[in-house]
Asks: 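This is the structure I have questions about; it appears just below.
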Amino acid sequence: MLKRIASFAVLAAFVAGSAIAAGPKADLKDVDWSFEGPFGTYDKASAQRGFQVYQEVCAACHSLKYVAFYNLTDKGAPFYNPDFPNSNENPVAKAIAKMFTVSDGPDETGDMFDRPGVISDKFPAPFANDMAAMASNGGALPPDLSLMTRARVDGSNYLYSLLVGYKDAPEGVELSSGMSYNPMFSGSKIAMAPPLFDGSVEYSDGTKASVDQMAKDLTQFLTWAADPKMEQRKATGWAVMLYLLILAILLYGSYRAVWRNVKH
Amino acid sequence: MSGPSRYNPSTGIEKWLDARLPIIRLGVDTLIFPSPRNLNYWWTFGAILAVMLVSQLITGIILAMHYVPHPEHAFDSIQHINRNVNFGWLLQPMHAVGASMMFLAVYIHMFRGIYYGSAKNPREMIWIVGMVIYLLMMAAGFMGYVLPWGQMSIWGAIVITNLFSAIPPEAAGTSVTQWLWGGFAVDGPTLNRFFSLHYLLPFLIVGMVILHVWALHIPSNNNPTGISIKTKADTLDFHPYYTVKDAFAIVVFLMIFSWFLFFMPDSMGHPDNYIPANPFSTPPHIVPEWYYLPFYAILRAVPDKLMGVIAMFGAIGVLFALPWLDTSKVRSMRYRPLAKQFFFLFVLVCLGLGWCGAKLPSDLVFATGVDADGHAKGLTFVWFSRILTVYYFAYFLVILPILGLVEKPKPRPASIEASVLGNSKGEA
């Protein structure tokens with residue numbers, strides 16, 4: 001039996017080992033996130049503040065194209081309110097949607113027109129297309145942020161570390177114009193200027209908007225944006241595990257009962 | 001099926017149907033057939049694989065209702081499934097993680113077959129059909145990984161399809177590669193045909209599984225002693241004895257599956273596949289899914305491209321010949337002290353090759369010092385994988401054939417029954 005367990009352990013280690021094989025280059029700051037682990041959930045207050053940071057700072061250059069406004073008030077989302085189980089009826093989503101201008105059309109004369117957002121709209125992109133985005137950003141394309149925390153190794157820690165990781169370039173490192181030094185970024189030279197400064201936003205809940213605080217809040221928000229069904233998935237997971245555990249116990253009992261008179 | 005049928009139609013309807021379409025007889029005789037009474041838990045992975053295959057089929061068919069096989073829309077449609085489709089957040093990771101779990105189960109199933117001599121006479125056809133299933137799984141898994149059209153999808157497809165360009169142009173290497181692509185690069189037509197084939201292959205697998213199970217019913221299961229069934233006392237009916245044991249093992253396996261699925265769904269994938277495919281931006285480190293890593297390591301271990309491709313496919317091809325390469329008359333390595341040690345070393349070598357496949361070839365396994373320029377030197381992964389590749393092939397082509405001839409096996413029990421009840425014959 002011990003040998004069996006050992007063999008399983010080797011296989012499990014192999015699977016896990018190969019999955020994490022591609023590790024990060026610089027040492028990321030390891031934050032104790034609320035959403036980690038099988039019981040983890042998003043810190044809603046922090047994610048709401050993070051949304052404010054996205055809206056007031058990041059949205060100027062970065063799209064969030066897979067997220068619709070009604071998603072913000074879905075179950076497990078930063079602005080979920082149990083009084084509105086149907087997120088379409090939640091006034092918060094409507095109010096946030098209205099703050100954005102969305103291009104629509106063509107109308108009956110064939111022209112595109114602008115209108116305030118409605119909840120079924122996705123977050124509008126700040127630039128018309130990739131070329132326009134690159135032209136406005138010194139040739140670099142600001143990536144879409146919908147999946148950022150899943151598209152990097154240890155994504156949430158990576159995003160936080162990057163946001164707080166800006167430094168003066170060490171001696172001997174030449175930075176071309178428009179570039180900044182950030183050892184957390186692959187190659188350490190990044191086209192994104194430091195986006196956060198103390199007080200970049202003013203939080204309505206009185207939280208002090210330090211760079212560290214804003215980076216953590218934004219990471220909460222973008223981790224939710226990348227994995228919006230996480231809380232639903234984990235809750236379902238525990239129900240499934242409990243069901244399977246009971247079934248396993250019953251089946252083991254059946255196995256023992258069926259085999260009780262058989263030596264094997 | 002071997003042996004007389006165990007089905008006695010009792011009702012009028014059953015008799016009527018049995019005379020016209022004996023489908024109940026087929027079902028009964030498939031489930032109630034004599035199996036060795038000493039099968040251990042390593043024998044439950046066949047049933048586990050059957051369950052996983054059905055799970056992949058069901059989730060896959062539903063995903064295909066929402067997936068769009070077009071370079072402009074494929075990545076978006078996966079996000080649409082995960083964010084907007086009812087229970088899409090469950091189905092898509094279930095299919096992706098399920099593929100990994102299926103490969104985990106199939107590797108255990110294959111190692112079990114090698115260890116207990118299940119491939120050998122009279123079960124060669126079960127093994128060969130099983131190897132065809134494994135090949136089809138590899139093809140289905142590869143094409144499935146391309147469908148989300150992320151960075152690892154497209155670059156994995158580019159690397160693997162380019163293997164065929166190792167064939168010299170005079171031998172139609174270029175034509176074959178362009179025929180696979182449906183153009184001059186991995187692009188829309190490639191994605192579209194991969195989707196079509198990814199939908200086809202699972203049904204071919206189902207067909208091969210039917211042959212696999214059919215072939216299994218002729219000699220019945222091998223068993224941990226490797227000794228053939230001699231009398232009825234050696235056996236138990238598959239149902240209910242092994243249906244209940246398999247059911248328990250399946251549920252335990254599903255718990256492991258669920259843990260990955262619900263609590264760490266990204267652990268078996270690569271973060272780069274959350275970046276949309278970009279043919280103009282090569283990821284710094286292209287790696288296949290974990291279940292191909294040992295073969296990827298063998299490919300990269302050989303300096304010559306064509307020879308590397310031959311070695312990689314040879315590593316799978318040599319498995320087909322296993323029933324004849326293992327020359328020992330004794331099936332189970334339980335009674336082969338030397339073969340047992342070489343087998344466990346082989347398992348470690350396979351895991352080691354997987355480790356090598358996940359690393360950059362120039363990375364160091366361990367450093368022995370620094371060279372003149374101050375760079376660390378030591379055993380690189382490419383050299384480590386070369387050592388392991390030599391053992392991999394030597395195991396099949398040298399060790400197993402010779403070992404069967406020179407090894408002195410330990411004494412074996414007289415029968416399965418005797419092995420279960422001790423040396424003397426007792427009551428069941």
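Scope of the values below: all heavy atoms of this structure, side chains included, with no hydrogens, waters or symmetry mates. So that the names make sense, note that chain A is the first sequence line, chain B the second, and so on, each numbered from 1.
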Asks: Does any backbone or side-chain atom of A:P38 lie under 4.5 Å from a heavy atom of chain B? Answer side chain, backbone, both or neither.
Replies: both
Asks: For residues 236-248 of chain A, give me every residue with a non-hydrogen atom less than 4.5 Å from any non-hydrogen atom of chain B.
Replies: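 From residues 236-248 of chain A, the residues near chain B are A:T236, A:G237, A:W238, A:V240, A:M241, A:L244, A:L245, A:L247, A:A248.
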Asks: When only pairs under 4.5 Å are counted, which of B:N82, B:I275, B:N38 shares the most heavy-atom pairs with chain A?
Replies: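 With the most close heavy-atom pairs to chain A, the winner is B:I275.
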Asks: Please report the interatomic distance CZ(B:F87) to NZ(A:K229), rounded to the nearest 0.5 Å.
Replies: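 Going from the CZ atom of B:F87 to the NZ atom of A:K229 covers 10.0 Å.
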Asks: Any donor-acceptor pair under 3.5 Å linking the side chain of B:R83 with the backbone of A:V67?
Replies: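 No: the side chain of B:R83 does not pair with the backbone of A:V67.
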Asks: Check whether A:Y158 gets within reach of chain B through its side chain, its backbone, both or neither, counting any heavy atom under 4.5 Å.
Replies: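 For A:Y158, no heavy atom lies under 4.5 Å from chain B.
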Asks: OH of A:Y66 to CD1 of B:I78: how many Å apart, nearest 0.5 Å?
Replies: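 CD1 of B:I78 is found 10.0 Å from OH of A:Y66.
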Asks: Mind listing the side-chain donor-acceptor pairs of residues 244-265 of chain B below 3.5 Å, one per line with the distance, residues two or more places apart or on another chain?
Replies:
{"residue": "B:K245", "atom": "NZ", "partner": "B:L39", "partner atom": "O", "Å": "2.8"}
{"residue": "B:S258", "atom": "OG", "partner": "B:L254", "partner atom": "O", "Å": "2.7"}

Asks: Does A:N129 have more than 12 heavy atoms from other residues, nucleotides or ligands lying within 6.0 Å of its CG?
Replies: yes
